[in-house]
Amino acid sequence: MGDRLTPARTALGRAGLVVAPRLLGAVVTSDVGGARVAVRITEVEAYAGAEDPASHAFRGRTARNDVMFGPAGHLYCYFTYGMHWCANVVCGPVGEATAVLLRAGEVIDGLPAARARRPAARRDTDLARGPARLASCLGFGRDTDGADLLDPGSPVRLAGLRARRPPGVLAGPRVGISVAIERPWRFWLAGDPTVSAFKPGGRARRAPRPAD
DNA sequence: AGGACGATTAACT
DNA sequence: GTTAATCGTCCTC
């Protein structure tokens with residue numbers, strides 16, 4: 001089964017830096033574990049391949065990052081800190097290993113299932129506020145690594161990718177990395193309550209600026 | 001075979 | 001503000 005060649009696949013076949021802001025407002029829907037949950041994306045981060053020291057692909061292809069080197073439109077799930085899963089949308093041409101980390105979103109369908117998966121969340125706006133929280137809400141894990149987001153029969157799908165970045169997008173440094181922190185490759189929807197807290201004057205060294 | 005560390009979170013003081 | 005939790009992955013010996 002080859003990948004379906006769709007307009008969305010073509011649109012995702014660009015650098016993660018270009019695709020990232022266009023994913024804001026798009027919807028990821030998962031059907032795993034007997035529940036449907038959908039999240040509207042509000043915060044993302046771009047990662048490049050060989051030229052980005054913060055990228056999992058920086059040191060070449062391995063069993064873990066294999067999906068990143070494949071075709072655009074697939075989900076790259078990885079396990080970190082011994083307990084959390086996070087997920088990226090693979091972008092770019094085959095072999096480039098450029099991707100977009102899904103950092104936060106708003107649960108717009110399957111609220112009961114999302115709450116059950118995230119018992120620690122005190123408010124619904126916290127359910128998918130953070131990359132591991134978002135992945136948890138959607139039931140992401142080893143089973144969803146490599147899922148084709150553009151296949152209607154896939155357990156995880158993406159809809160609503162925009163042709164241009166929507167209005168109200170801000171950009172700033174990426175979170176939780178120790179290299180290439182000067183690149184403002186994190187994008188989010190200004191004022192959205194599901195975006196993770198920005199810490200001006202803290203770790204971040206640059207104020208958010210309009211992404212244009 | 002061994003060890004350092006991580007694209008994080010929740011629970012502390 | 002700090003720190004424990006917890007283990008797969010990757011690098012070094």
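Order of the sequence lines sets the chain letters (A, B, ...), proteins ahead of strands, with each chain counted from 1. Basis for what follows: all heavy atoms, side chains included, without hydrogens, waters or symmetry-related copies.
Put simply, A:R186 has no side-chain N or O that comes within less than 4.0 Å of OP1 or OP2 on B:dA7. Side-chain nitrogen and oxygen atoms of A:R103 include at least one within less than 4.0 Å of the OP1 or OP2 phosphate oxygen of B:dT8.
In this structure, CG of A:N88 is placed 14 Å from C1' of B:dG6, rounded to the nearest angstrom. At whole-Å resolution of the value, CH2 in A:W85 and P in B:dG6 are 19 Å apart. The interatomic distance linking A:L127 (CG) with B:dT9 (C1') rounds to 14 Å, in whole Å. Note: OH (A:Y47) to C1' (B:dG6) measures 12 Å, nearest angstrom.
Put simply, the side chain of A:V28 does not reach to within 4.5 Å of the side chain of A:L75, judged on heavy atoms. Looking only at side-chain heavy atoms (C-beta outward), A:W185 and A:R174 come within less than 4.5 Å of each other. No side-chain heavy atom of A:H84 sits under 4.5 Å from any side-chain heavy atom of A:F79.
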Distance-only donor-acceptor hits, side chain of residues 91-99 of chain A, under 3.5 Å, sequence neighbours excluded:
from, atom 1, to, atom 2, distance (Å)
A:T98, OG1, A:G16, N, 2.8
A:T98, OG1, A:Y47, O, 3.0

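Between the side chains of A:T125 and A:E106, no donor N or O sits under 3.5 Å from an acceptor N or O. Checking A:R186 against A:S196 by side-chain atom types alone, a donor-acceptor pair falls below 3.5 Å.
Residue A:R118 is in sugar-phosphate contact alone, with no base atom involved, counting any heavy-atom pair closer than 4.0 Å across all strands shown. Nucleic acid contact for A:A132: sugar-phosphate only, since backbone atoms but no base atoms lie under 4.0 Å from a heavy atom of the residue. A:R133 comes within contact range of the sugar-phosphate backbone alone, with a heavy-atom separation under 4.0 Å but no base atom that close.
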Practice prompt. Assess whether side-chain hydrogen bond (donor to acceptor under 3.5 Å, both in side chains) is satisfied between A:H56 and A:N88, documenting all intermediate values.
Written response: CA-CA 11 Å; A:H56 286 175; A:N88 293 243; 5.9 Å; no

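Side-chain atoms of A:N65 come within 3.5 Å of backbone atoms of A:G60 as a donor-acceptor pair (strictly under, hydrogens ignored).
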Readout for nucleotides 2-13 of chain C: B = base within 4.0 Å of protein heavy atom, S = sugar-phosphate only, - = neither; 5' to 3' it is ---BBBSSSS--

Report, one pair per line, the protein and nucleotides 11-13 of chain B atoms (nitrogen or oxygen only) whose separation is under 3.5 Å.
none

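Partners of A:A38 by side-chain contact (heavy atoms from CB on, under 4.5 Å), not counting sequence neighbours, listed by chain and number: A:V27, A:T29, A:I108, A:D109. By the ring pair (Phe, Tyr, Trp, His ring centres under 6.0 Å) test, A:F69 pairs with no residue at all, sequence neighbours left out.
Summarising the local packing, CZ of A:R61 is surrounded by more than 12 heavy atoms from other residues, nucleotides or ligands at distances under 6.0 Å.
Secondary structure note: stems in DNA chain B built from 3 or more consecutive Watson-Crick or G-U wobble pairs under 3.5 Å occupy B:1-6 with C:7-12, B:8-12 with C:1-5.
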